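Remember, predicted model here, so these are calculated numbers, not experimental data.
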Amino acid sequence: MTVNKIAYTAFVAFCTVIVTLWAVSALVAETREADDDQGLVTEEELAAHDSGESCWKAIDGQVYDVTEYIPRHPTSADVMLEWCGRDATEAWYNKTPGRPHSSRAAAMLEQYRVGELADAPAPPARPEPPAPAQEPAAHPPGRVLLGLSPGSYLDGRYRGVFSDRGAMQVNIQFDLRDHHFHNVSFRYLSYRGVDYLALEEHEELHAVMRQHRQAIDYLEGRPLSAMFDLYAPEDVVDDIDAFTGATLRGNKLISAIRDALNRGVYQWP
(Lines give C-alpha, C1' and ligand atoms only; values in the text may rest on other atoms or scores of the structure.)
Protein backbone atom coordinates (compact mmCIF):
# COMPACT_ATOMS: atom_id res chain seq x y z
CA MET A 1 0.00 0.00 0.00
CA THR A 2 2.80 2.35 0.92
CA VAL A 3 4.55 1.61 -2.38
CA ASN A 4 1.38 2.50 -4.31
CA LYS A 5 1.09 5.82 -2.48
CA ILE A 6 4.69 6.68 -3.29
CA ALA A 7 4.17 5.78 -6.94
CA TYR A 8 0.98 7.83 -7.09
CA THR A 9 2.68 10.84 -5.51
CA ALA A 10 5.57 10.60 -7.95
CA PHE A 11 3.13 10.38 -10.86
CA VAL A 12 1.25 13.52 -9.71
CA ALA A 13 4.55 15.38 -9.30
CA PHE A 14 5.61 14.33 -12.78
CA CYS A 15 2.32 15.55 -14.27
CA THR A 16 2.66 18.87 -12.42
CA VAL A 17 6.12 19.40 -13.89
CA ILE A 18 4.85 18.62 -17.39
CA VAL A 19 1.92 21.06 -17.05
CA THR A 20 4.22 23.78 -15.67
CA LEU A 21 6.67 23.36 -18.54
CA TRP A 22 3.83 23.54 -21.03
CA ALA A 23 2.46 26.73 -19.45
CA VAL A 24 5.90 28.37 -19.47
CA SER A 25 6.41 27.38 -23.09
CA ALA A 26 3.03 28.83 -24.07
CA LEU A 27 3.81 32.06 -22.21
CA VAL A 28 7.17 32.41 -23.96
CA ALA A 29 5.54 31.76 -27.34
CA GLU A 30 2.87 34.37 -26.59
CA THR A 31 5.53 36.89 -25.59
CA ARG A 32 7.49 36.22 -28.77
CA GLU A 33 4.33 36.60 -30.82
CA ALA A 34 3.63 39.93 -29.12
CA ASP A 35 7.19 41.06 -29.81
CA ASP A 36 6.78 40.04 -33.44
CA ASP A 37 3.65 42.22 -33.62
CA GLN A 38 5.72 45.20 -32.50
CA GLY A 39 7.40 45.53 -35.87
CA LEU A 40 8.50 48.49 -37.91
CA VAL A 41 6.24 51.54 -38.10
CA THR A 42 6.58 53.79 -41.13
CA GLU A 43 6.39 57.57 -40.88
CA GLU A 44 3.11 57.40 -42.81
CA GLU A 45 1.64 54.98 -40.25
CA LEU A 46 2.84 57.20 -37.41
CA ALA A 47 1.31 60.30 -39.02
CA ALA A 48 -2.05 58.54 -39.32
CA HIS A 49 -2.34 58.38 -35.52
CA ASP A 50 -2.49 62.12 -34.93
CA SER A 51 -5.54 62.66 -32.74
CA GLY A 52 -6.87 62.09 -29.25
CA GLU A 53 -8.73 59.02 -30.51
CA SER A 54 -5.44 57.40 -31.57
CA CYS A 55 -2.26 59.17 -30.48
CA TRP A 56 1.10 57.65 -31.39
CA LYS A 57 4.41 59.42 -31.00
CA ALA A 58 8.03 58.52 -31.65
CA ILE A 59 10.86 58.98 -29.14
CA ASP A 60 14.44 57.97 -29.97
CA GLY A 61 13.20 55.80 -32.84
CA GLN A 62 10.62 53.89 -30.75
CA VAL A 63 6.89 54.35 -31.33
CA TYR A 64 4.40 54.58 -28.46
CA ASP A 65 0.61 54.54 -28.38
CA VAL A 66 -0.18 56.97 -25.55
CA THR A 67 -3.90 57.32 -26.28
CA GLU A 68 -5.01 55.78 -22.98
CA TYR A 69 -2.56 57.90 -20.97
CA ILE A 70 -3.69 61.32 -22.23
CA PRO A 71 -6.51 61.72 -19.64
CA ARG A 72 -4.07 60.81 -16.83
CA HIS A 73 -1.28 63.17 -17.91
CA PRO A 74 -0.75 65.86 -15.22
CA THR A 75 -0.88 68.75 -17.71
CA SER A 76 -3.68 69.70 -20.08
CA ALA A 77 -4.44 67.32 -22.93
CA ASP A 78 -3.22 69.91 -25.47
CA VAL A 79 0.36 69.37 -24.32
CA MET A 80 0.31 65.73 -25.47
CA LEU A 81 -2.04 66.17 -28.42
CA GLU A 82 0.48 68.57 -29.98
CA TRP A 83 2.83 65.60 -30.55
CA CYS A 84 0.39 62.98 -31.83
CA GLY A 85 1.58 61.45 -35.10
CA ARG A 86 5.02 63.07 -34.80
CA ASP A 87 8.51 62.59 -33.50
CA ALA A 88 8.42 63.89 -29.93
CA THR A 89 12.04 63.22 -28.98
CA GLU A 90 12.98 66.83 -28.33
CA ALA A 91 9.86 67.41 -26.25
CA TRP A 92 10.63 64.30 -24.20
CA TYR A 93 14.12 65.54 -23.39
CA ASN A 94 12.90 69.06 -22.61
CA LYS A 95 10.03 68.61 -20.15
CA THR A 96 11.33 71.89 -18.87
CA PRO A 97 14.16 73.56 -20.80
CA GLY A 98 17.17 71.26 -20.73
CA ARG A 99 15.54 68.77 -18.31
CA PRO A 100 14.25 65.41 -19.61
CA HIS A 101 11.42 63.32 -18.19
CA SER A 102 12.32 61.20 -15.18
CA SER A 103 13.44 57.58 -15.23
CA ARG A 104 10.10 56.72 -13.63
CA ALA A 105 8.30 58.32 -16.57
CA ALA A 106 10.55 56.38 -18.97
CA ALA A 107 9.64 53.10 -17.29
CA MET A 108 5.95 54.02 -17.53
CA LEU A 109 6.33 54.95 -21.19
CA GLU A 110 7.72 51.54 -22.08
CA GLN A 111 4.38 49.81 -21.49
CA TYR A 112 2.92 51.84 -24.38
CA ARG A 113 5.55 50.83 -26.96
CA VAL A 114 4.05 49.46 -30.17
CA GLY A 115 7.07 49.21 -32.43
CA GLU A 116 10.13 50.82 -33.95
CA LEU A 117 10.15 53.72 -36.38
CA ALA A 118 11.41 52.58 -39.77
CA ASP A 119 14.63 54.20 -41.00
CA ALA A 120 14.99 56.14 -37.74
CA PRO A 121 18.54 57.39 -37.11
CA ALA A 122 20.39 56.12 -34.08
CA PRO A 123 19.55 58.26 -31.04
CA PRO A 124 22.36 60.71 -30.28
CA ALA A 125 24.29 60.70 -27.04
CA ARG A 126 22.82 63.28 -24.69
CA PRO A 127 25.36 64.68 -22.23
CA GLU A 128 24.25 66.43 -19.08
CA PRO A 129 23.50 70.08 -19.90
CA PRO A 130 26.03 72.48 -18.37
CA ALA A 131 24.86 74.84 -15.66
CA PRO A 132 23.90 78.17 -17.24
CA ALA A 133 26.14 81.12 -16.59
CA GLN A 134 24.85 83.84 -14.33
CA GLU A 135 23.42 86.88 -16.10
CA PRO A 136 24.75 90.20 -14.83
CA ALA A 137 22.08 91.99 -12.82
CA ALA A 138 20.35 94.67 -14.89
CA HIS A 139 17.22 95.23 -12.88
CA PRO A 140 16.08 97.13 -9.78
CA PRO A 141 17.17 95.74 -6.37
CA GLY A 142 14.97 92.95 -5.06
CA ARG A 143 14.00 91.60 -8.49
CA VAL A 144 16.08 88.47 -8.73
CA LEU A 145 16.30 86.92 -12.19
CA LEU A 146 16.48 83.31 -11.09
CA GLY A 147 16.80 81.00 -14.08
CA LEU A 148 16.58 83.78 -16.68
CA SER A 149 20.19 83.67 -17.83
CA PRO A 150 20.89 83.38 -21.58
CA GLY A 151 20.39 79.83 -22.81
CA SER A 152 18.14 78.80 -19.91
CA TYR A 153 15.01 78.66 -22.06
CA LEU A 154 14.73 77.21 -25.55
CA ASP A 155 13.16 79.01 -28.47
CA GLY A 156 9.54 78.04 -28.98
CA ARG A 157 5.96 78.76 -27.97
CA TYR A 158 5.03 78.81 -24.29
CA ARG A 159 1.69 78.71 -22.48
CA GLY A 160 1.08 79.42 -18.80
CA VAL A 161 -1.79 79.84 -16.38
CA PHE A 162 -2.48 81.68 -13.15
CA SER A 163 -5.57 80.88 -11.08
CA ASP A 164 -6.48 82.57 -7.79
CA ARG A 165 -9.08 80.17 -6.36
CA GLY A 166 -11.19 80.82 -9.40
CA ALA A 167 -11.44 84.58 -8.78
CA MET A 168 -8.67 85.52 -11.21
CA GLN A 169 -7.88 83.44 -14.27
CA VAL A 170 -5.00 84.31 -16.61
CA ASN A 171 -3.98 82.12 -19.53
CA ILE A 172 -1.10 83.63 -21.50
CA GLN A 173 0.81 82.56 -24.60
CA PHE A 174 4.05 83.88 -26.07
CA ASP A 175 6.91 82.95 -28.37
CA LEU A 176 10.46 83.05 -27.11
CA ARG A 177 13.38 83.81 -29.41
CA ASP A 178 16.82 84.44 -27.96
CA HIS A 179 15.23 85.12 -24.58
CA HIS A 180 12.99 87.85 -26.02
CA PHE A 181 9.17 87.98 -25.99
CA HIS A 182 7.24 87.80 -29.27
CA ASN A 183 3.55 87.34 -30.16
CA VAL A 184 2.38 87.73 -26.57
CA SER A 185 -1.38 87.20 -26.22
CA PHE A 186 -4.10 86.17 -23.79
CA ARG A 187 -5.88 82.88 -24.37
CA TYR A 188 -8.19 83.59 -21.42
CA LEU A 189 -8.57 86.49 -18.99
CA SER A 190 -11.26 86.77 -16.33
CA TYR A 191 -11.93 88.16 -12.87
CA ARG A 192 -14.79 87.06 -10.61
CA GLY A 193 -16.61 85.45 -13.49
CA VAL A 194 -16.20 88.37 -15.90
CA ASP A 195 -14.60 87.36 -19.20
CA TYR A 196 -12.51 90.44 -20.03
CA LEU A 197 -11.80 89.28 -23.57
CA ALA A 198 -15.52 89.25 -24.33
CA LEU A 199 -16.18 92.80 -23.07
CA GLU A 200 -17.51 95.39 -25.52
CA GLU A 201 -16.00 98.87 -25.81
CA HIS A 202 -18.96 100.58 -24.16
CA GLU A 203 -18.69 98.44 -21.01
CA GLU A 204 -16.98 100.02 -18.04
CA LEU A 205 -14.42 97.28 -17.40
CA HIS A 206 -13.31 97.34 -21.04
CA ALA A 207 -10.72 99.95 -19.98
CA VAL A 208 -9.13 97.42 -17.61
CA MET A 209 -8.95 94.89 -20.42
CA ARG A 210 -7.20 97.51 -22.57
CA GLN A 211 -4.66 98.02 -19.83
CA HIS A 212 -3.94 94.29 -19.76
CA ARG A 213 -3.40 94.37 -23.50
CA GLN A 214 -1.06 97.34 -23.13
CA ALA A 215 0.91 95.35 -20.58
CA ILE A 216 1.53 92.44 -22.95
CA ASP A 217 2.17 94.84 -25.83
CA TYR A 218 4.88 96.37 -23.65
CA LEU A 219 6.63 92.98 -23.48
CA GLU A 220 6.77 92.57 -27.26
CA GLY A 221 10.38 92.34 -28.43
CA ARG A 222 11.77 92.88 -24.94
CA PRO A 223 13.99 90.46 -22.98
CA LEU A 224 12.54 88.10 -20.40
CA SER A 225 13.65 90.37 -17.59
CA ALA A 226 11.12 92.95 -18.78
CA MET A 227 8.34 90.93 -17.21
CA PHE A 228 9.42 92.27 -13.81
CA ASP A 229 8.47 95.76 -14.96
CA LEU A 230 4.86 94.59 -14.56
CA TYR A 231 5.31 94.77 -10.80
CA ALA A 232 4.87 98.52 -11.36
CA PRO A 233 2.11 98.45 -14.03
CA GLU A 234 1.41 102.17 -13.67
CA ASP A 235 4.75 102.73 -15.43
CA VAL A 236 3.85 100.70 -18.52
CA VAL A 237 0.12 101.35 -19.14
CA ASP A 238 -2.01 104.46 -19.61
CA ASP A 239 -4.55 105.84 -17.18
CA ILE A 240 -7.74 105.01 -19.08
CA ASP A 241 -11.12 106.45 -18.09
CA ALA A 242 -10.04 106.99 -14.48
CA PHE A 243 -8.70 103.45 -14.14
CA THR A 244 -5.13 103.42 -12.88
CA GLY A 245 -2.35 100.97 -13.50
CA ALA A 246 -3.00 99.59 -10.02
CA THR A 247 -6.16 98.01 -11.43
CA LEU A 248 -3.90 95.83 -13.53
CA ARG A 249 -2.73 92.91 -11.41
CA GLY A 250 0.74 92.73 -12.89
CA ASN A 251 1.97 90.10 -10.45
CA LYS A 252 -0.68 87.73 -11.77
CA LEU A 253 0.65 88.15 -15.30
CA ILE A 254 4.17 87.48 -14.04
CA SER A 255 2.95 84.31 -12.32
CA ALA A 256 1.35 83.10 -15.57
CA ILE A 257 4.58 83.79 -17.48
CA ARG A 258 6.62 81.93 -14.87
CA ASP A 259 4.21 79.00 -15.09
CA ALA A 260 4.75 78.91 -18.86
CA LEU A 261 8.53 78.87 -18.42
CA ASN A 262 8.30 76.11 -15.82
CA ARG A 263 6.13 73.99 -18.12
CA GLY A 264 8.66 74.29 -20.93
CA VAL A 265 8.16 74.58 -24.66
CA TYR A 266 4.55 73.95 -25.70
CA GLN A 267 5.20 74.09 -29.45
CA TRP A 268 8.50 74.10 -31.28
CA PRO A 269 9.21 76.77 -33.91
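- D259 and V161 get closest at one heavy-atom pair: OD2-N, 2.8 Å.
- For Y266 and Y158, the gap between ring centers reaches or exceeds 6.0 Å.
- Using modelled atom types and a 3.5 Å distance limit, the side chains of Q169 and S190 yield no donor-acceptor pair.
- When all heavy atoms of M80 and C55 are compared, the pair lying nearest together is O-SG, 4.3 Å.
- Between Y196 and H212, the ring planes lie perpendicular to each other; the angle is over 60°, past the 30° to 60° tilted range.
- Contact annotation: the side chain of W268 never approaches that of R157 to less than 4.5 Å [non-hydrogen atoms, C-beta and beyond].
- Side-chain contact of D229 with Y218: a donor-acceptor pair under 3.5 Å is present, judged by distance alone.
- The minimum heavy-atom distance linking M227 with I257 is given by the pair SD-CG2, 3.4 Å.
- Closest heavy-atom contact between D155 and D178: OD1-N, 2.9 Å.
- Counting heavy atoms from C-beta outward, R159 and R187 have side chains that approach closer than 4.5 Å.
- In plain terms, the two heavy atoms of F186 and L197 that are nearest each other are O-CD1, 4.0 Å.
- Considering all non-hydrogen atoms of both residues, S51 and L81 come closest at C-CD2, 4.3 Å.
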